[in-house]
Amino acid sequence: MKLSKIYKRYTFIVLLLVLVVGSLSHYLIITHFIRRSADHTLREYRQNIEYEVAKNGTVEIWDNPLLNNSRLTGTLVAKDVFLQEYIRDTIVYSEYKKENVVFRLLSYTQKNGNDNFLITLWQSTVDTEDILGAVAVSLIILFILFTLFSFWQTKWFVAKLWHPFYQILEQLKEVDLISLHAIQVTICQVDEFNILKRTLNRMIDRIQGDYLSLRELTENTSHELQTPLSVVKARLELLQQSEGNSEKHTELIRSVSSAVDHIIRLNRFMFMIAKINSDQFPAENPIKLNDFLNDFLSAYEDIIEMKGLTIQKQYTEPLQLNLHPQLAEILASNVLSNAIRYNTKEGYIRIETTSTTLQVYNSYNKEIPEGDLFARFKKCSTEKEATGLGLAIVKSICQKNNLHASIRITDEVFCLEIQMLATSSI
């Protein structure tokens with residue numbers, strides 16, 4: 001997932017939490033200030049009443065029917081009753097609004113001559129539902145504004161500040177070990193990206209130096225080994241053909257010759273893996289892998305008949321790959337030779353292709369080495385002639401050409417599958 005999408009997701013979650021917490025806090029704060037305002041008004045009414053009582057010695061305000069029904073009531077109580085101040089909320093039905101209305105009440109006792117009155121002052125406040133509605137509307141508007149602003153800021157943030165990072169990322173995707181080049185980015189005001197660029201450039205220089213040294217060593221070693229191995233092979237053949245060799249000497253020469261052949265194959269395969277990993281087989285025009293599969297089957301028809309193998313072809317669609325022809329030949333050869341070598345007598349090989357996959361099914365001799373079969377030198381102990389590099393070469397070809405190789409094994413069937421991968425994009 002892209003950085004901008006992750007940032008937007010977490011921003012939305014944070015804003016949603018802020019909305020919930022903000023709604024609760026706004027409700028409590030607004031309710032507190034409304035009650036506080038109503039309490040100040042009620043205390044002001046009380047102060048006016050106490051002033052009238054102190055000025056006139058008596059008060060007749062609660063005898064006024066209008067006030068008695070709205071903001072002030074007075075009730076005669078026992079003389080020993082004393083209430084300093086008691087403030088609370090209550091709900092009263094309003095004839096005017098035809099609904100219940102929230103009132104704030106202040107009650108206290110007031111001496112009026114020889115009488116003692118319980119005076120209650122009334123002040124209407126905002127209804128709880130009205131407060132919640134106001135809070136919800138205001139916060140939803142703020143939430144929408146914050147979300148729009150945050151997404152706009154994220155878009156600007158990614159486009160402006162993260163632009164050098166994406167430049168570096170795009171250039172890293174195109175890195176070629178043969179022709180490495182320094183990472184180039186526009187002038188950047190973010191120090192971390194400048195440090196990243198310098199660090200990557202130093203790393204690329206070291207990688208290129210180490211890679212070129214290793215490739216040169218591999219190529220030189222393989223080339224230098226080829227000549228003495230060929231000489232040894234030729235001399236062994238001369239010794240084997242010379243007269244006077246005892247049966248024991250002939251067997252020794254044959255075993256040494258077989259070992260030399262094995263070393264030559266190993267050397268050739270290791271050199272091939274090194275060339276594949278160093279991208280020395282660039283993809284050319286699209287080729288049909290089916291043609292190379294058919295060519296291999298025709299070339300090894302005698303061996304197939306000798307083992308009594310049945311070949312089944314199911315080409316739903318031809319498999320076209322952007323692959324160098326030599327790599328296509330090696331891929332077809334290694335996949336099918338593996339199916340032939342480890343097959344059973346009178347067994348079968350079924351080849352299936354679609355526009356994106358190759359699947360090769362074959363019966364096998366139940367001997368499967370443990371571990372990763374694509375690892376180098378992984379082979380059955382009974383196969384003395386095998387190098388254990390066939391599937392390793394297949395894996396190297398797939399890794400370098402946007403392909404994926406996998407193996408499925410059941411009690412009866414060994415299946416090697418090669419599948420085209422979708423091109424990834426950032």
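We count residues from 1, following the sequence as given. Quick note: numbers below take in every heavy atom, side chains included, and nothing from hydrogens, waters or symmetry partners. As the structure is a computational prediction, the values presented were derived from the model and not from experiment.
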Can you tell me how far apart CG (Leu118) and CZ (Phe82) are? Round to the nearest 0.5 Å. 12.0 Å
For Thr41 and Arg104, test the side chains for any donor-to-acceptor distance below 3.5 angstrom and give the result as yes or no. no
Distance (rounded to the nearest 0.5 Å) between Gln110 CD and Ile119 CD1: 5.0 Å
Heavy atoms only: give me the nearest Pro286-Asn322 pair and the separation to one decimal. CG-OD1, 3.2 Å
Working to the nearest 0.5 Å, report the span between NE2 of His404 and CG of Asn401. 15.0 Å
With a 4.5 Å heavy-atom cut-off, do Gln312 and Ile349 have their side chains touching? no
Under the side-chain contact (heavy atoms from CB on, under 4.5 Å) rule, collect the residues that match up with Asn338, sequence neighbours excluded. Tyr342, Leu391, Phe414
Please say whether more than 12 non-hydrogen atoms of neighbouring residues, nucleotides or ligands are located less than 6.0 Å from CD in Glu417. yes
To the nearest 0.5 Å, what is the distance between CG on Leu421 and CG on Asn402? 5.0 Å
Taking side chain as C-beta onward, heavy atoms only, is Leu319 less than 4.5 Å from Lys288? no
May I ask you to test the Val335-Ile418 pair for a side-chain heavy-atom distance under 4.5 Å? yes
May I have the step-by-step check of side-chain contact (heavy atoms from CB on, under 4.5 Å) for Arg350 and Gln359, ending in yes or no? CA-CA 8 Å; Arg350 185 170 78 252; Gln359 293 178 324; over 6 Å; no
Here the pair of heavy atoms bringing Ile409 nearest to Ile407 is CG1-CG2, 3.7 Å
With no hydrogens and no angle check, do the side chains of Ser107 and Thr120 hold a donor and an acceptor under 3.5 Å apart? yes
Is it true that atom CZ of Arg43 has more than 12 heavy atoms of other residues, nucleotides or ligands lying nearer than 6.0 Å? yes
The reported gap from CG in Leu321 to CG in Leu327 (rounded to nearest 0.5 angstrom) is 10.5 Å
Any heavy-atom pair between the side chains of Leu289 and Leu358 that's under 4.5 Å? yes
CG on Asn334 to CZ on Arg341, rounded to 0.5 Å: 10.0 Å
So which atom in Ser363 and which in Thr344 form the shortest heavy-atom distance, rounded to 0.1 Å? OG-OG1, 3.4 Å
For Tyr315 and Glu317, does a side-chain donor sit closer than 3.5 Å to a side-chain acceptor? no
Residue pair Leu403 / Gln419, side-chain heavy-atom distance below 4.5 Å: no
Would you say Val413 and Tyr348 make side-chain contact, with heavy atoms under 4.5 Å? yes
Heavy-atom donor-acceptor pair, Ser337 side chain to Ser333 backbone, under 3.5 Å: yes
To check you understand the geometry: which heavy-atom pair defines the closest contact between Ala332 and Leu293, and what is its length? CB-CD2, 3.7 Å
Atom pairs and distances, donor-acceptor, side-chain atoms in residues 296-309, under 3.5 Å, two or more places apart:
from   : atom 1 : to     : atom 2 : distance (Å)
Ser298 : OG     : Asn294 : O      : 3.1
Lys307 : NZ     : Ile340 : O      : 2.8
Lys307 : NZ     : Asn343 : O      : 3.3

Would you say that Val77 contacts Leu83 through its side chain, given a criterion of any heavy-atom pair below 4.5 Å between the two side chains? no
Taking Glu44 first and then Arg46, would you say they form a salt bridge - that is, a charged N and a carboxylate O separated by under 4.0 Å? no
Does atom CD of Glu412 have more than 12 heavy-atom neighbours, drawn from other residues, nucleotides or ligands, at distances under 6.0 Å? no
Might you point out which heavy atoms bring Cys398 and Ala405 nearest each other, and give the distance in Å? SG-CB, 3.8 Å
Between Val360 and Ala339, which heavy-atom pair has the shortest distance, and what is it? CG1-CB, 4.1 Å
Will you find, in the side chains of Asn290 and Thr353, an N or O donor that is under 3.5 Å from an N or O acceptor? yes
Does the side chain of Tyr361 pick up a donor-acceptor pair with the side chain of Arg408 at under 3.5 Å? yes
